[in-house]
Chemist: 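Handing you this structure, nothing more for now.
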There are 2 protein chains.
Amino acid sequence: MLCGEAEACPVVITTRIRLARNLAGHPFPGWAKEAQRRTVLDLCLGALGGVPQLRGAVTLAMDTLSQTEKLILAESHLISRELMESRPFAGIVTRPEAGCSIMVNEEDHLRIQLMQGGLALEELWERASELDQSMEGRLDYAFSPRLGYLTSCPTNLGTGIRASAMMHLPGLVMKNHIDQLVRMVSQLGIAVRGHLGEGSAAKGSIFQISNQQTLGEDEESIIRRLHNVIDAITEQELNARQCLLEENEPQLMDKIGRARGVLQNGHLLSSDEAMDILSLIRLAADLGLVPSQWRGRADRLMIEAQPGHMQHRVAAELGATRRDVLRAVQMREEFAQLPALTEVTGVANL
Amino acid sequence: MLCGEAEACPVVITTRIRLARNLAGHPFPGWAKEAQRRTVLDLCLGALGGVPQLRGAVTLAMDTLSQTEKLILAESHLISRELMESRPFAGIVTRPEAGCSIMVNEEDHLRIQLMQGGLALEELWERASELDQSMEGRLDYAFSPRLGYLTSCPTNLGTGIRASAMMHLPGLVMKNHIDQLVRMVSQLGIAVRGHLGEGSAAKGSIFQISNQQTLGEDEESIIRRLHNVIDAITEQELNARQCLLEENEPQLMDKIGRARGVLQNGHLLSSDEAMDILSLIRLAADLGLVPSQWRGRADRLMIEAQPGHMQHRVAAELGATRRDVLRAVQMREEFAQLPALTEVTGVANL
């Protein structure tokens, strides 16, 4: 789902395609009675078992998972926060190594999701489309020739597609250009959200950029427009970084240097602060201030330093302070060998 | 004046004795005309030249010094901030290596000052008294058998003595006990001030503790009472530190660890932040979290990282940002070998 540590990409961290699908003749999950939800779950899991793209996949019934296990799936972006809280008879079929997961009985009967490191919209759409066709051969989708795929929420009606990129935009954040960006892209039918999706704050300068419209346009057009916007944002982000390096070098070096200081010396670290600090290490790698392999380590730890992963690692429910202590220990270990920043210019040039 | 790096003391950083003296038949410096100030300066410098305790001393006329040179003397506690701003014909006779300086035409005609690392009130008083007697044999002091030594400000009348200790009280600061301390000791006629004396804020958790009364008591009684109060404050400070270690260990380790992180990784460091961070390194040495020789380095840099010393080192007037950049470079160099904190307890004990 994410790149290996060596291949993590600057700016676009991951790309994701999500398709919303429902079964004809069954009420949407939010309206369904328990028995109806169970019927849909059984139908879906039965059909998915025969889909070639899902060979080797793991099937999990949400009702059998602990809170920590659900949290780990959510932190890994394999399930949504909504599925964590869902009513009985929800499930997931997943091949985590392929960045593939299918949620059953979330907001829609089926949510197909494919994820990949870096920018890979077209490739993911091709894979998603193939998987969707295989599934459609085995399940009776709710489809209207006039409206397209029917969905629980009208904002997903039509193609049912949401394509998104998780973008790392510390330059635009530091230059205070995010509000301007949000206004600009919303006019193009593109939404900018925090890294946990709708309604979430942007921790670590990470934003989810996605299409808002699903109706009246085919998938290729939606993806093409999103791709163009992502390219434009990437360019703006790189400009902002260059500008910071030229006009605010000591401030930038200080921010990043102190981030290294906290990783190697902190004894209490909240997950929010960890996100912000790992974000700065990612930026340092992009700018050549530290070797590029540290970008991937920062990406991995942005996920592993979250509460669910922390609790799984020590096999215990932890209070906030103990999590913060253990997170600091983990960071000191993981970043003990992170070298001091390469100097961009000498003091003599100031 | 300060200890060598190896001998710096916990809690009481330095002790100081100051005696205010004036010449009979000459107006106080604040009321004197320029010619009268010149006469007093000439009289004093002439007499001080023959004082055996001042053999090898340097004599400086304030009018010949640059602003940076005055700042360095003030940052080193050899002259007061008032003398920096004084009218013409002020001067100083000093043996910095002996922690000895005599200001001429500050608020009084003569301010005799002796300073030493650690707690040494009685020893300093003995030295100050001997020096004062040598001077009294060569100068006609303004003295009233009823009131004692006459001084420009009535708060110094009588003995003219101010005995003080510069105390490092991070434990009491972190426990929020300073206000309580100020109230308690003021009832005993003892004042608590910031590290730059009257009216200054307490940077780096450093406080000046001194007698308020100079009249109606002999010097030995004043010093004895101050000594008792300093001992009591020292005990409270050590208790506060023990309490922090027992009840707030992760918070304390985090604070000190991050201080190390900033020293080794910062690229912009204001003198205020430097004071706070060096204060934490001093505390770390006291607590055995880093080897004790780092206490003396922190003490030295609390003085050398101030603006006057910075500017002298690079032989240039510097704007605030360039000072902050150079201060960060200096700290990265001075503390590159500062080891990681010794763990007090393991995570397992939490």
Side-chain angles (χ1 to χ4, degrees), chain A residues 244-245 247-270 273-274 277 280-281 284 289-290 310 313-314 316 318-333 335-350, chain B residues 244-245 247-270 273-274 277 280-281 284 289-290 310 313-314 316 318-333 335-350:
Chain A
L244 284 170
L245 265 183
E247 294 169 15
N248 303 92
E249 192 218 309
Q251 289 78 7
L252 187 65
M253 293 293 282
D254 189 57
K255 245 181 142 76
I256 298 175
R258 284 169 188 248
R260 174 178 183 259
V262 173
L263 289 175
Q264 295 185 337
N265 295 281
H267 279 68
L268 276 177
L269 200 56
S270 71
E273 190 185 3
I277 282 177
L280 287 165
I281 298 307
L289 301 174
V290 299
M310 296 284 316
R313 205 162 57 89
V314 296
L318 300 170
T321 303
R322 291 185 66 186
R323 279 207 303 270
D324 291 354
V325 168
L326 288 173
R327 187 177 291 114
V329 171
Q330 183 183 21
M331 295 299 170
R332 293 205 304 278
E333 287 169 3
F335 289 97
Q337 304 305 322
L338 177 67
L341 308 187
T342 311
E343 296 290 336
V344 181
T345 62
V347 170
N349 297 343
L350 279 172
Chain B
L244 284 168
L245 266 182
E247 294 170 15
N248 304 93
E249 192 217 310
Q251 289 78 7
L252 187 66
M253 294 294 282
D254 189 57
K255 243 180 145 76
I256 298 176
R258 283 169 188 249
R260 174 178 183 258
V262 173
L263 289 175
Q264 295 185 338
N265 295 282
H267 279 69
L268 276 178
L269 199 56
S270 71
E273 190 186 5
I277 282 176
L280 288 166
I281 298 308
L289 301 174
V290 299
M310 295 285 315
R313 207 162 58 88
V314 296
L318 301 170
T321 302
R322 291 186 65 189
R323 280 206 303 272
D324 291 355
V325 169
L326 288 172
R327 187 177 291 112
V329 171
Q330 183 183 21
M331 296 298 170
R332 294 205 304 277
E333 288 168 3
F335 290 96
Q337 304 305 321
L338 176 68
L341 307 187
T342 311
E343 297 289 338
V344 181
T345 62
V347 170
N349 297 342
L350 278 171

Chemist: If you measure from NZ on B/K255 to NE2 on A/H267, what distance do you get to the nearest 0.5 Å?
Modeler: 14.5 Å

Chemist: Which heavy-atom pair separates A/G261 from B/N265 by the least distance, and what is that distance?
Modeler: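 Residues A/G261 and B/N265, closest heavy atoms: CA-ND2, 3.3 Å.
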
Chemist: Could you tell me the separation between the CZ atom of B/R260 and the CD atom of A/Q264, rounded to the nearest 0.5 Å?
Modeler: 7.5 Å

Chemist: What is the distance from atom CZ of A/R258 to atom CG of B/L269, rounded to the nearest 0.5 Å?
Modeler: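 Going from the CZ atom of A/R258 to the CG atom of B/L269 covers 6.0 Å.
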
Chemist: Using only atom types and a distance under 3.5 Å, with no angle test, would you say the side chain of A/D254 pairs donor to acceptor with the backbone of B/L268?
Modeler: yes

